[in-house]
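Beneath this line is the structure, given in structure tokens, with notes to follow.
In what follows, every chain begins at residue 1, and chains take the letters A, B, ... in the order their sequences are listed.
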There are 2 protein chains.
Amino acid sequence: MDNSDAIASFAALSQPTRLDVFRLLVKAGAQGMLSGEIGERLDVRQNTMSANLAVLLNAGLVRNERQGRKIRYFADFDAMRGLLGFLMEDCCGGRPDLCQPVIDEIACAC
Amino acid sequence: MDNSDAIASFAALSQPTRLDVFRLLVKAGAQGMLSGEIGERLDVRQNTMSANLAVLLNAGLVRNERQGRKIRYFADFDAMRGLLGFLMEDCCGGRPDLCQPVIDEIACAC
DNA sequence: TCCATATATCATGATTAATTGATATATTTA
DNA sequence: TAAATATATCAATTAATCATGATATATGGA
């Protein structure tokens with residue numbers, strides 16, 4: 001994870017449809033979702049969805065896997081890890097009380 | 001933290017100077033940094049830096065505090081918390097092994 | 001009050017991104 | 001192999017963003 005990877009990731013997440021897609025894939029977890037399923041759920045046209053998925057893919061935030069003529073997309077949790085780590089690098093100026101709540105927040109119930 | 005707050009935050013972080021600024025302020029922690037200090041450190045012109053700080057401020061990612069004629073900026077850790085929580089909401093589809101490494105990554109050493 | 005310092009705002013030109021209609025590619029089924 | 005389905009690519013228009021020069025505002029000190 002270098003600076004330009006992080007820029008690409010944040011740019012990818014800074015668009016409403018793509019943010020929705022990514023959060024949907026985070027929720028879906030290891031099961032992922034089909035491209036068509038995603039487009040239907042979010043009511044986004046086919047080519048727009050394809051373009052937006054390509055941006056997420058290019059940023060490394062999602063992976064995909066062909067299944068016949070469908071394509072299944074997954075949130076890439078390793079990429080998430082890298083991105084958040086990059087953002088929080090050397091955080092807090094030595095004051096854990098600032099940093100800890102941030103960590104707690106993503107300590108999801110799963 | 002709603003969808004449009006998150007969009008604003010990611011858009012703010014998707015620009016090289018602003019990402020540098022934010023990471024610098026994360027490192028600085030509670031001490032923060034003066035606007036001028038930041039501009040000098042990152043070698044960015046005065047009005048460009050001011051505009052970029054305004055974007056971060058508007059996104060809620062940083063706070064500021066006037067000190068005489070200088071203005072001190074701070075990373076807003078509550079906003080970070082909200083943003084990461086929003087992104088990871090209902091994560092992993094019930095598989096903690098996917099989520100845990102993400103949490104571990106930002107468990108900084110401070 | 002006048003000047004210097006620190007920061008913010010405004011207008012503009014240049015670059016970049018987003019959506020869309022049309023079309024192409026890949027895969028499965030008949 | 002032809003048709004149908006699922007997804008990707010292309011070209012073009014519109015819209016958003018960025019850095020910059022110029023200028024304005026706010027604070028502190030002489």
Report the nucleotide, chosen from C/dA8, C/dA6, D/dA6, that has the shortest atom-to-atom distance to any side-chain atom of A/Arg69.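 The closest nucleotide is D/dA6.
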Of B/Leu24, B/Leu25, B/Leu34, which meets side-chain contact (heavy atoms from CB on, under 4.5 Å) against B/Tyr73?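 Testing B/Tyr73 for a side-chain contact (heavy atoms from CB on, under 4.5 Å) against B/Leu24, B/Leu25, B/Leu34 leaves exactly one candidate, B/Leu25.
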If you take atom types as modelled and just measure distance, does the side chain of A/Gln46 reach the base of D/dA6 with a donor-acceptor pair under 3.5 Å?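 Side chain to base: no pair present.
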Is there side-chain contact between B/Arg23 and A/Phe86, with heavy atoms separated by less than 4.5 Å?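 Yes - at least one pair of side-chain heavy atoms lies under 4.5 Å apart.
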Student check: side-chain heavy atoms of B/Ile71 and B/Leu53 closer than 4.5 Å: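 Side-chain contact under 4.5 Å: no.
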How close or far is atom [atom2] of [N] from atom [atom1] of [X], stated in whole angstroms?
{"X": "B/Glu40", "N": "C/dT7", "atom1": "CD", "atom2": "P", "value": "10 Å"}
{"X": "B/Leu56", "N": "C/dT7", "atom1": "CG", "atom2": "C1'", "value": "16 Å"}
{"X": "A/Arg18", "N": "D/dA16", "atom1": "CZ", "atom2": "C1'", "value": "13 Å"}
{"X": "B/Leu57", "N": "C/dA8", "atom1": "CG", "atom2": "P", "value": "8 Å"}
{"X": "B/Tyr73", "N": "C/dA6", "atom1": "OH", "atom2": "P", "value": "15 Å"}
{"X": "A/Ile71", "N": "D/dT5", "atom1": "CD1", "atom2": "C1'", "value": "12 Å"}
{"X": "A/Asn58", "N": "D/dA8", "atom1": "CG", "atom2": "P", "value": "13 Å"}
{"X": "A/Arg66", "N": "D/dT5", "atom1": "CZ", "atom2": "P", "value": "16 Å"}

Pick the closest DNA chain C nucleotide for B/Met49 and for A/Gly68 by heavy atoms, then say which residue is nearer the 5' end.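 Looking at the nearest nucleotide for each, B/Met49 comes out on the 5' side.
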If only side-chain N and O atoms of [X] are considered, is one of them under 4.0 Å from the OP1 or OP2 phosphate oxygen of [N]?
{"X": "B/Ser50", "N": "C/dT7", "value": "no"}
{"X": "A/Arg45", "N": "C/dT19", "value": "no"}
{"X": "B/Thr48", "N": "D/dT20", "value": "yes"}

Could you tell me whether the side chain of B/Ser50 and the main chain of B/Asn47 form a donor-acceptor pair under 3.5 Å?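 No: the side chain of B/Ser50 does not pair with the backbone of B/Asn47.
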Counting N and O atoms only, with roles assigned by atom type, does the side chain of B/Arg41 sit under 3.5 Å from a partner on the main chain of B/Val21, one being a donor and the other an acceptor?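 Side chain of B/Arg41 to backbone of B/Val21, a donor-acceptor pair under 3.5 Å: no, none is there.
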DNA chain D: A/Arg72 or B/Asn47, which has the more 5' nearest nucleotide?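 First, find each residue's nearest nucleotide; the 5'-ward one identifies A/Arg72.
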What nucleic acid atoms does B/Ser35 come within less than 4.0 Å of, heavy atoms only: base, sugar-phosphate, or nothing?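 Sugar-phosphate, no base atom in range.
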